[in-house]
Amino acid sequence: MALKVAIVGRPNVGKSTLFNRLVGKRLALVDDRPGVTRDRRYADGNIGDMDLTLIDTAGYEDVTDDSLEARMREQTEAALDDAELVMFMMDAREGVTSLDRIFAERLRRVHKPVILLANKSESRESGGGVGEAHALGFGEPVAISAEHGEGMADLYAAIVAASHDIFVEEIDEPDKPIRIAVIGRPNAGKSTLINRLIGDDRLLTGPEAGITRDSISVDWQFEGKNIRLVDTAGMRRKARVQEKLEKLSVADTIRAITFAEVVILMMDKDDAFDTQDLQLADLVEREGRALVYVASKWDLEDEPQSRMAKLKGMAEDKLPQLKGSPFVALSSHSGRGVERLMPAVLQAYDTWSVKVKTKDLNTWLFMATQRHPPPAVDGKRIKPKYIAQTKARPPTFVLMANRAESMPEHYKRYLVNSIRESFDLPGTPIRLNVKSSGVNPYAEGGAKSGPERYKGDAKTAPRRVKKAEKEEALSKLPGKALEQKKTRKAQPKILGGLKSSASKKAGSSVAVQKGARGGARQVSRSGRIRTGQKGGAKK
């Protein structure tokens, strides 16, 4: 188990900045104005090789009345009781103030190791403040800069020295909890509901609207199951959100919805399902999270039965994409109806995680298309082939059909509503992706088509064409022409019409023909064949 460390101090000294640096991400809201943090926040962090459980607290105020600052001080007192090591932070630029001395006197009665941090000590002006910190009586102050990350090595050494005698118990890691986010408009009773569920005043509550600014997570167990409840800031309409701090709170709430698995939408019974509630529910559906409606302040309702029927009818009319979502009416202040909330949340979680067999899906598809066939678009009917579930949380299905891009939206809604009714999936978001199955992947230009190959002529080509192609192919082979030249038979050459020389003398040969014996015979100009050689001996 990690060492539990609380970061305390007066307002606007940089506690949340150091908290974010040790955690490694921007969990706590940070702003220049004092008093941004109100609830205590837990998160896992580390410094060097040490694992820490960090507690970010609100600025300490010396107030004991019923004001908001007094309730914030009670949260800081609870963090001191829960921590094993305390990091007391002061501002080195401003030096030691009277509120620092009052808080130091309070810390001396805690009887826990205290590390004194002089924050904002990156400038020269902070040297005097670091020297004044010795007067608080907690030993040598550790000069750091939480914003720039300076002095972290000295802080690590101080934590190692201070935690030397602290016994850290090793426990097994718990199972992954079910993340439940509680959202709604300001002053809807979200923090009060979480305090009622866990049976402790863990979160800061009060009659003022907008007390919660950060998204605070609380770990809890319900019937042996690990639950992580996330309290969020109230979300007003976008046109009314003007301040920078409220914009940061709204962004933190949206991030909590994104990482949640089940979302509880808190609504006031008198103005439930107004424009902002509808937008929040639509956001949950688009994020694909399970949704549970909660009507708060139900102990003030005079006609609960008729009002409940009216609210359920409004939910189905205005949010048909979430038809069948659980609806719970309760009172966070008195506890009336709170016992029905968690069974509804677990039921919504189980529905959100359901997996349907492919065989049952295709049987349903055949019956659904027989009951209501797909429409014909441009004179051609769309034919669904088969369907399968690709994933859960939320349930996502893929339908294969020809001309999938032409399937109208109203028929897709019919299929989604039929799935919800046939397989008992009330309220959960359902994703249906329609893909085309008529494209041949091996065709030219398809997903699995290779380079173009020569397939030759058809088998029904004439025999003379095949013979000519074969001879042409053989003639182009290397060395084939020389082989044909050697095996070729000699053909007689007939030479005719050779002219004599320019003198045209009688008796000169004008043509040479081969005789029977292969010898040459001379022919005169008159066509008579001479049997003897010119100038030869006469017989």
Does a salt bridge link E69 with R73, judged by any charged N lying under 4.0 Å from a carboxylate O?
no
Has the side chain of R289 got a donor or acceptor atom that lies under 3.5 Å from a matching backbone atom of F259?
no
R336 and E301 ion-paired at < 4.0 Å:
no
Got a sec: does the CD of E77 have more than 12 other heavy atoms crowding it under 6.0 Å?
yes
Does the side chain of T428 come under 3.5 Å of the side chain of T351 through a donor N or O and an acceptor N or O?
no
Enter the distance from L229:CG to N195:CG here, rounded to the nearest 0.5 Å.
10.5 Å
Among L291, V292, I264, side-chain contact (heavy atoms from CB on, under 4.5 Å) partner for P326
V292
Contact summary for A404 and S436, nearest pair of heavy atoms
CB-N, 3.4 Å
Do D201 and E74 come within less than 4.5 Å of each other through their side chains, counting heavy atoms only?
no
Is a donor on one side and an acceptor on the other found under 3.5 Å between the side chain of N119 and the backbone of V13?
yes
Could you tell me whether a side-chain N or O of R403 sits under 3.5 Å from a main-chain N or O of K380, the two making a donor and an acceptor?
yes
Would you mind checking if E261 and R179 are paired as a salt bridge, meaning a charged N to carboxylate O distance below 4.0 Å?
yes
With S191, the side chain to side chain donor-acceptor pair (under 3.5 Å) member among T212, T232, D39
T212
Answer yes or no: is there a side-chain heavy-atom contact under 4.5 Å between T205 and T192?
yes
Regarding R40 and T57, is there a side-chain donor-to-acceptor distance under 3.5 Å anywhere?
no
Test item: R340 side-chain N/O and A329 main-chain N/O as donor-acceptor pair under 3.5 Å
yes
Answer yes or no: is there a donor N or O on one side and an acceptor on the other, between the side chain of N433 and the main chain of V398, under 3.5 Å?
no
Main chain of R431, side chain of T396: is a donor-acceptor contact present, judged purely on distance under 3.5 Å?
no
About how many Å separate OH of Y60 and CZ of R10, when rounded to the nearest 0.5 Å?
14.0 Å
Which heavy-atom pair separates S418 from R371 by the least distance, and what is that distance?
OG-NH2, 3.5 Å
Between T53 and A2 the two heavy atoms that sit nearest each other are OG1-CB, 3.5 Å
So does L29 get a backbone contact from the side chain of D214, meaning a donor-acceptor N/O pair under 3.5 Å?
yes
By salt bridge (charged side-chain N to carboxylate O under 4.0 Å, His left out), E409 pairs with (sequence neighbours left out) K412
Determine yes or no for a side-chain-to-main-chain donor-acceptor pair under 3.5 angstrom, with S296 supplying the side chain and A188 the backbone.
yes
Would you say the side chains of Y42 and D219 form a donor-acceptor pair under 3.5 Å?
no
What's the spacing between L22 CG and M87 CE if we round to 0.5 Å?
5.5 Å
Heavy-atom nearest pair, Y386 first then L399, reads O-CD1, 3.5 Å
Parallel, tilted or perpendicular: ring planes of H372 versus Y414, cut at 30 and 60 degrees:
perpendicular
Counting heavy atoms not belonging to K391, are there more than 12 under 6.0 Å from its NZ?
yes
Working for side-chain contact (heavy atoms from CB on, under 4.5 Å), residues Q389 and F423:
CA-CA 13 Å; Q389 183 177 2; F423 296 102; over 6 Å; no
Hey, is the main chain of W352 close enough, under 3.5 Å, to the side chain of R393 for a donor-acceptor pair?
no
Worked check of side-chain contact (heavy atoms from CB on, under 4.5 Å) between I382 and Y411:
CA-CA 11 Å; I382 301 173; Y411 194 76; over 6 Å; no
CA sep, side-chain torsions, deciding dist, call: W220, I180, side-chain contact (heavy atoms from CB on, under 4.5 Å):
CA-CA 11 Å; W220 177 54; I180 304 172; over 6 Å; no
So do R202 and I194 actually touch side chain to side chain, heavy atoms under 4.5 Å?
no
In Å and rounded to the nearest 0.5 Å, what is the CZ to OG distance from R381 to S406?
13.5 Å
I want to check something: taking the side chain as every heavy atom from C-beta on, are R307 and W298 in contact at a cut-off of under 4.5 Å?
yes
Look at atom CE of M367 and say whether more than 12 heavy atoms of other residues, nucleotides or ligands are closer to it than 6.0 Å.
no
Close side-chain approach of V263 to E287, heavy-atom, < 4.5 Å
no
Does any N or O in the side chain of S353 come within less than 3.5 Å of the main-chain N or O of D350, such that one atom is a donor and the other an acceptor?
no
In the structure I gave you, are the side-chain heavy atoms of R255 and D252 within less than 4.5 Å of one another anywhere?
yes
Measuring from atom OG of S332 to atom CG of D299, what distance do you get when rounded to the nearest 0.5 angstrom?
9.0 Å
Hey, does I183 have a side-chain heavy atom less than 4.5 Å from the side chain of M235?
no
If you compare all heavy atoms of P34 against all heavy atoms of P11, which two are closest, and at what distance to 0.1 Å?
CB-CB, 4.0 Å
Test E303 against K310 for salt bridge (Lys or Arg N to Asp or Glu O under 4.0 Å), laying out the working first.
CA-CA 11 Å; E303 299 178 354; K310 183 179 179 180; over 6 Å; no
Got a second to check how far I178's CD1 is from N226's CG, nearest 0.5 Å?
8.5 Å
Salt bridge D56-K15, side-chain N to carboxylate O under 4.0 Å:
no
If you compare all heavy atoms of L311 against all heavy atoms of F273, which two are closest, and at what distance to 0.1 Å?
O-CE1, 3.5 Å
Taking NZ, NE, NH1 and NH2 as the nitrogens, is one of them in R185 or D268 under 4.0 Å from a carboxylate oxygen of the other?
no
Does the side-chain contact (heavy atoms from CB on, under 4.5 Å) test come out yes or no for L193 and L330, once each step is laid out?
CA-CA 9 Å; L193 175 62; L330 52 83; 4.1 Å; yes
Check against side-chain hydrogen bond (donor to acceptor under 3.5 Å, both in side chains), Q276 and R237:
CA-CA 6 Å; Q276 182 64 6; R237 284 187 294 178; 5.9 Å; no
Note, Q321 side chain near D282 side chain (heavy atom, < 4.5 Å)
yes
Look at D231 together with K190 and state whether they make a salt bridge at an N to O cut-off of under 4.0 Å.
no
Residues, nucleotides or ligands: over 12 heavy atoms within 6.0 Å of K357 NZ
no
